[in-house]
Amino acid sequence: MRVDRRKFLSGAALAAAGAVGGAAGVPLVRRALAMDRPALGGGYASAADALTAAHSPNTTITYFVETDEPVVAFTFDDGPAPKWTPTVLDALDEWKVPATFFMVGRNLAAHADVVRGRLDRHEVGNHTWSHADLATLDRQRVRDEITRAHDTIRRVTGRSPTLLRPPYGHLGGSTILAADSLNYEVVLWSHQMREKKFRNDPGAQARDIIDNVGPGSIVLAHDVGPARRLVALRRLGEMFAGLKARGFRFVTVSELMKLG
């Protein structure tokens, strides 16, 4: 599923303008467009209007891929770190499952040894340098977050990532324009581990993924965070086995996108 950036930005602006009318005045327009509220709370970052920064006519935002093939991509955000990342890598190795790791640059810089020599079958994506909410930053600071992580990933892994997952899935502000200018495609997700909901029933978390994943799904999990992460991570093998029994095969996000 892809979203056209220009339609997204212009449609939102036109809808807001129509609601307030031309004579409403600047303060009312600012309130209607939420320019007076931080983007973290659903506000509007005016830097996104600098459309001269756009390099391409379309920037893709992928939630899932439309395909009839029973394929699924597992993704892991926020790492690497010594606490949970090895658990994930061990499960992936045991089941010979490829995955896509959206890495935080400063975590990779601090814990490069955790993943060194263990990423052969896996893909690495950009999850910014510090896990900042890009929707609250201007375009230059967004670019800095992406490029600093990009350079760290290239230095440590020898690869140049092409996929960006913005922290919290926030697309506001200059996120899309910065991604476009740096030749990144944005990847979100269609299914996710819901550790809070299943904190006392990890088996239900596994069944939720096994029963609800469909062809072309992108599954979000995390390999950094509080102890509740284990609700999902300790059942990865069960999820892989259940999906294989349904006829699914596992691919990286880039491999999945090629099937779309």
Side-chain angles (χ1 to χ4, degrees), residues 1-16 30 33-64 75-79 100-109 123-157 159-189 218 220 222 224 252-254 256-257 260:
M1 177 180 181
R2 296 184 175 184
V3 179
D4 185 277
R5 181 194 63 244
R6 291 186 183 277
K7 291 180 180 178
F8 175 80
L9 292 174
S10 63
L14 287 172
R30 288 182 63 84
L33 292 177
M35 292 179 184
D36 58 342
R37 297 197 300 275
L40 185 61
Y44 178 88
S46 58
D49 283 341
L51 294 178
T52 53
H55 283 194
S56 61
N58 292 288
T59 298
T60 63
I61 303 170
T62 301
Y63 294 87
F64 60 89
T75 67
F76 297 89
D77 286 11
D78 297 354
T100 301
F101 288 86
F102 286 97
M103 294 187 178
V104 172
R106 67 182 180 187
N107 289 345
L108 179 59
E123 180 175 31
V124 179
N126 191 325
H127 203 39
T128 74
W129 168 255
S130 68
H131 203 270
D133 184 353
L134 301 184
T136 67
L137 307 180
D138 62 31
R139 190 168 68 258
Q140 185 55 53
R141 292 173 67 194
V142 172
R143 284 180 59 91
D144 289 346
E145 280 280 333
I146 298 173
T147 55
R148 193 174 180 187
H150 182 100
D151 292 344
T152 301
I153 292 169
R154 184 171 55 187
R155 174 175 56 81
V156 173
T157 70
R159 311 178 194 181
S160 294
T162 59
L163 304 180
L164 171 71
R165 176 169 286 165
Y168 316 106
H170 289 182
L171 298 174
S174 298
T175 302
I176 304 303
L177 289 172
D180 171 70
S181 67
L182 295 168
N183 296 315
Y184 269 91
E185 295 185 272
V186 177
V187 174
L188 297 180
W189 58 88
I218 297 174
L220 166 66
H222 296 83
V224 167
T252 65
V253 170
S254 288
L256 183 67
M257 291 171 69

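The closest side-chain heavy-atom distance from F102 to P161 is not below 4.5 Å. Between R155 and T152 the shortest side-chain heavy-atom distance falls below 4.5 Å. A 4.5 Å side-chain heavy-atom check between T175 and H170 finds every atom pair outside the cut-off. Between L188 and P166 the shortest side-chain heavy-atom distance falls below 4.5 Å. Looking at heavy atoms from C-beta onward, V156 lies out of side-chain contact with M103 at the 4.5 angstrom threshold. Within the 4.5 Å cutoff, the side chain of S174 has no heavy atoms near those of the L137 side chain. When side chains are defined from C-beta on, V253 does not count as touching R165, because their heavy atoms never get closer than 4.5 Å.
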Quiz item: Step by step, would you call S130 with E145 a side-chain hydrogen bond (donor to acceptor under 3.5 Å, both in side chains)?
Solution: CA-CA 7 Å; S130 68; E145 280 280 333; 2.7 Å; yes
Exercise. Could you check T162 against N183 for side chain to side chain contact (heavy atoms under 4.5 Å, CB included), going step by step and ending with a plain yes or no?
Key: CA-CA 7 Å; T162 59; N183 296 315; over 6 Å; no
Quiz item: Stepwise, does the side chain to side chain contact (heavy atoms under 4.5 Å, CB included) test hold for R143 with L182?
Solution: CA-CA 8 Å; R143 284 180 59 91; L182 295 168; 3.6 Å; yes
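Using cut-offs of 30° and 60° for the angle between ring planes, the H131 and H127 rings count as perpendicular.
For the residue pair Y184 and I146, the shortest heavy atom distance occurs at CE1-CG2, 3.7 Å. Closest approach of G169 to W189, counting heavy atoms only: CA-CH2, 3.9 Å. Closest approach of G79 to V224, counting heavy atoms only: CA-CG2, 3.4 Å. Minimum heavy-atom separation, A132 to P167: O-CG, 3.2 Å.
A salt bridge does not link R141 to D144: none of the charged nitrogens lies less than 4.0 Å from a carboxylate oxygen.
Between the OG1 atom of T157 and the CG atom of L108 there is a distance of 7.0 Å, given to the nearest 0.5 Å. With rounding to the nearest 0.5 Å, the separation of CG in D151 from CD1 in I153 is 9.5 Å. A distance of 14.0 Å separates OG1 in T128 from NE2 in H150, rounded to the nearest 0.5 Å. Residue Y63 holds its OH atom at 13.0 Å from CG of L220, rounded to the nearest 0.5 Å. Rounding to the nearest 0.5 angstrom, the gap separating the OG1 atom in T75 from the NE2 atom in H222 is 8.0 Å. Rounded to the nearest 0.5 Å, atoms CG (L171) and CD1 (I61) are 5.0 Å apart.
In this structure, the side chain of N107 engages the main chain of D78 through a donor-acceptor pair within 3.5 Å.
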